[in-house]
Amino acid sequence: MMQRALLRRFTPTLRRSFSTVEETAKAGMTLNFSLPHETIYSGANVNQVIVPGAAGEYGVTADHVPLVAQLKPGVLQILHEGTSDAEKYFVAGGFSITHANSTTDISCPEAVKVDDIDSAAVTSAFEQAKAAFSAAEAGSLAAAEAQIDMEVNKSMAAAVGVSLA
Amino acid sequence: SEATANNASNSTNTNRTSETMSTPTTFWRLAGMSYTQYVTRAATAVRNGLKEPARTKAMQHEKFSYNASAWDAGKIGPKKPVQTLSEAGH
């Protein structure tokens, strides 16, 4: 009887301290980041995500206002809890949807690690695309394709610190 | 007659994009590309700019194929691989 009364007095205190620990662990936001062939993150708890939106780059933390954004070819940065260096991916495009419950879904057709970008390949591809763009008829499909190649390669070069024009 | 004048399907314009969309604003839309075509091209450009071994691995994602099957009286026929969508009758 005595032991049970003691337990009842102590247990509520323990329960309260456990819940405080849980709250700080979930202080970040939830990230779902997937590609057609691979799920990179599913339900991951991260501090911040910096998204390359087509209308501009923006950062998402917990309790961000709901937002749907088309992505431009650019760098997606993921800041994990306890690290100052962001994990960087270069995304080809896609969409980012931030929900009211601090969950962000990012879906891209292709995403690569910035470390895997070959600056020489990107520079030569840009030059080739630039030549193709000049040679193509304005407003034609070939011109549009060359423009896509130019924009993506220019952005990839910028991600590895090479400035192309 | 009034009915035919308002009927969009009587037009000779085969570019369905401009029939259903408002004025296109992006360069790829103006050139006749869909978003899927645009983003697929961007994905290819990204894969081509990679170092080995990431490049070989990424090029696997480029591969795709089509299968077509014809419907007859509510039943689907056998699937056969096709090289292009035009082969499948589109």
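Order of the sequence lines fixes the chain letters, A, B, ..., with proteins taken first and strands second; residue numbering starts at 1 for each chain.
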Counting backbone as well as side chains, what donor-acceptor pairs lie under 3.5 Å between chain B and chain A?
residue	atom	partner	partner atom	Å
Y35(B)	OH	G94(A)	N	3.3
R41(B)	NE	D149(A)	OD1	3.4
R41(B)	NH2	D149(A)	OD2	2.7
R47(B)	NE	E110(A)	OE1	2.4
R47(B)	NH2	E110(A)	OE1	3.0
G49(B)	O	D118(A)	N	2.9
K51(B)	N	D116(A)	O	2.8
K51(B)	NZ	D115(A)	O	2.8
H61(B)	ND1	H37(A)	NE2	3.2
H61(B)	ND1	E110(A)	OE1	3.2
H61(B)	NE2	H37(A)	ND1	3.3

Establish whether [X] and [Y] are linked, either directly or via other cluster members, by ILVMFWY side-chain heavy-atom contacts under 4.5 Å.
X      : Y       : answer
F90(A) : V160(A) : yes
L79(A) : V75(A)  : no
L50(B) : L164(A) : yes

Passing candidate, side chain to side chain contact (heavy atoms under 4.5 Å, CB included) with L31(A), options I40(A), V60(A), V49(A): V49(A)
What residue, out of I117(A), V122(A), L35(A), has the most heavy-atom pairs lying under 4.5 Å from chain B?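 Result: the option with the highest number of such pairs is I117(A).
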Top contributor to chain B contacts, counting heavy-atom pairs under 4.5 Å, from L141(A), V112(A), L71(A), I148(A): I148(A)
If one checks every heavy atom of P109(A) against chain B at 4.5 Å, the contacting part turns out to be both
Side chain proximity check, V91(A) to P52(A), heavy atoms < 4.5 angstrom: yes
Flag side-chain contact, heavy atom, 4.5 Å: C108(A) against F33(A):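 Counting from C-beta outward, C108(A) and F33(A) do come under 4.5 Å.
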I78(A) CD1 to M29(A) CE distance, which is reported to the nearest 0.5 Å: 9.0 Å
